[in-house]
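Below is one structure, written out as C-alpha cells, with a few remarks after it.
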Amino acid sequence: MSVINMISGAEVEVFISNYTLVDPEVYQLWVDGCSSAEAGTVLYEQNAAHQPGTTLELVASDVLDHYRTYSLLERLLHNPPKLSEQLSFQIEPQTKQLLIEKYYEFDDVVIREFIGKKLSSRHRKDLDEVSEKTNVSLKSCRRQFDNVKRVFKTVEEIQGSVVQNIRNLFLLPDELAKRYAVIVFMSCIRFETGKRKLNHLTFSDFYHCATAIMQSWTYRENTIDYDDTEIDKEFLSDLRELKSLVEKEKELKHLVCQRLKPKVLERTFVELESNFRTYSRAIVYIGANLNHTRELRSLFVDLIERFIEPWRQSGLTQSDLNAFLSAYTSCALEMDALKDTESKMAFDRYMSVISSCLLKIFHS
C-alpha cells in the first residue's frame, strides 16, 4: 500500500509492503554455510568498488537482517508445501521456488560420501571429516545430510515413481528430483560404495548406473507392484537361467569371436579370446546370483574386480569393451541356450544395464 505525507509543502509517497525480499547472493551464502559476518565481508569486497560510500558495517547489518529471515524460513523449507500454505511471509511464487531449489541443491563430492550408507546419527557426527575431505563447510554438509535423510525417510515406503513422489512432496524440479531419487534408491538397496577400490567412482558414475538399474531392473510402470526403488523379484528369478550359457560356452565363444575379429585390433582379439571363459562366467554368475541380497549389494565391487581391473591391466579401450559386450549380448540372444522368451528378455534387460555401467565406470 502507499501513504502520502505532506512534508514542507512537498508530497512524499512512501510504499509500505510486507513482501519478504530475498537477495539471491545473500541466500546462496547462507545456504553455503557462511556466517553472517563472513557473508558481509564477501559482499562488501565484491561490491565496494561499484558502490562508493558503502561501509562494511552497513553491508553486515543488511546481511544480518536477511539471515534472520532465512533462519525463520528454514523450518518451512523442511516441508516445502508448507511454504506455499503459510501466511506469515508473503513471497512471490518464483522466489519460493528459488528458496526451495537452492536449499535442496547439493555438492556431488559431499553426497558421494553418503550414498549407499545408512543415514544414521552416527554418520552425522562424522561430517567434520566429510567437510575436511571435500572442502565444503560443515554447516553446508549438515544441511545436505539432513536433506537427504529427510527425503529418504519421507518417500522410502511410498510405492510408485520415486521421482514423482519427491517432486510432489518436496516441490523440486525434475533434474534435482532425479538426483535425490538415485540417492534414495541406493540407500534402499544399500549398495556397497565405500570400499577403497571404488574410491575413484564419482557421484556421476553412480547416478548413471543407478538410473539404468532403476529404469530396467525394478518393477515396471502400470503394474500392481510398481516401485522403482525395489528390484523386480521375478526378473531376478529369471536371471538364474543364465547358467545355461555355461553349457553352451564353446558355441558362444565361437560366435562372439567370429563377430569380434574384424572389429578390434589383433592383440585385443587375442586377449578377449584367451580370457573369454573368465569374462563370460563373470557375466553369467553375477547375474544368476543377483537374487541374493548380499550379491546385489556388492554389484559395483564385482564389476570392478571381475572386469574393470583385468581390462585395465590388459590395456583394453572403452571401444574394445563396447565391441565385446555388444557381440556377447547379440550372440547369446541368437542361441538356443536361453530356452524361452522370458529368459531372453531377462538376459537382454540384464545386459543393457551391465554394459551401460561397465562402459561408464571404465575410467581410463
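It should be emphasised that the depicted structure is a prediction, and the values quoted were computed from it without experimental measurement.
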From Asp23 CG over to Trp30 CH2, what is the distance, rounded to the nearest 0.5 angstrom?
-> 14.0 Å
Test Val42 against Cys34 for side-chain contact (heavy atoms from CB on, under 4.5 Å), laying out the working first.
-> CA-CA 10 Å; Val42 168; Cys34 294; 5.7 Å; no
Any salt bridge between Glu249 and Arg281, counting N to O under 4.0 Å?
-> yes
Do Gln318 and Asn322 have a side chain donor and acceptor closer than 3.5 Å?
-> no
Carboxylate-amine/guanidinium contact Asp146 Lys149, below 4.0 Å | no
Pairing residues for Ser137 by the side-chain contact (heavy atoms from CB on, under 4.5 Å) criterion, not counting sequence neighbours = Lys139, Ser140
For Lys133, enumerate each residue passing the side-chain contact (heavy atoms from CB on, under 4.5 Å) test, keeping only those at least two apart in sequence or located in another chain.
-> Glu113
Distance (rounded to the nearest 0.5 Å) between Leu43 CG and Glu38 CD = 12.0 Å
Verify side-chain contact (heavy atoms from CB on, under 4.5 Å) between Tyr70 and Leu77, making sure each step is shown before the conclusion.
-> CA-CA 10 Å; Tyr70 303 151; Leu77 289 167; over 6 Å; no
Spacing of CZ belonging to Arg267 relative to CG belonging to Leu316, to within rounding of 0.5 Å = 7.0 Å
Is Trp311 reachable from Leu359 through a run of I, L, V, M, F, W or Y residues, each pair having side-chain heavy atoms under 4.5 Å apart?
-> yes
Between the side chains of Arg349 and Ser352, is a donor N or O closer than 3.5 angstrom to an acceptor N or O?
-> no
Salt-bridge test for Lys178 and Glu175: reply yes if a basic N is under 4.0 Å from a carboxylate O, no otherwise.
-> yes
Ser61 (side chain) donor-acceptor with Glu57 (main chain) under 3.5 angstrom = no
From the list Lys344, Arg259, Lys248, salt bridge (charged side-chain N to carboxylate O under 4.0 Å, His left out) with Glu334 holds only for Arg259
Distance only, no hydrogens: is a donor on one side chain within 3.5 Å (strictly under) of an acceptor on the other, for Arg196 and Asn199?
-> no
Which distance, rounded to the nearest 0.5 Å, do you find between the CD1 of Ile213 and the CG of Leu296?
-> 7.5 Å
Hphob cluster co-occupancy, Phe235 + Met345, side-chain heavy atoms under 4.5 angstrom = no
Kindly assign one of parallel, tilted or perpendicular to the pair Trp217 and Tyr350, based on the angle between their ring planes and the thresholds 30° and 60°.
-> parallel
Report the C-alpha distance between Arg179 and Phe106 in whole Å, list the side-chain angles of each, state the deciding distance to 0.1 Å, and finish with yes or no for side-chain contact (heavy atoms from CB on, under 4.5 Å).
-> CA-CA 9 Å; Arg179 284 158 64 79; Phe106 57 74; 3.1 Å; yes
From Val264, Val270, Thr268, residue fulfilling side chain to side chain contact (heavy atoms under 4.5 Å, CB included) relative to Glu266 | Val270
So with a 6.0 Å cut-off around CD of Glu305, is the heavy-atom count from everything else above 12?
-> yes
Take atom CG in Asn135; do more than 12 heavy atoms of anything else shown fall under 6.0 Å from it?
-> no
Residue pairs passing the ring-ring contact (aromatic ring centres under 6.0 Å, His included) test with at least one member in residues 134-165, sequence neighbours excluded, are Phe114-Phe145
With the 4.5 Å side-chain cut-off for hydrophobic clustering, are Leu56 and Tyr67 part of the same group?
-> yes
Over 60° means perpendicular and under 30° means parallel, so classify the ring planes of Tyr328 and Phe276, tilted if in between.
-> tilted
Could you verify whether a donor N or O on one side chain and an acceptor N or O on the other, from Thr202 and Asp205, lie under 3.5 Å apart?
-> yes
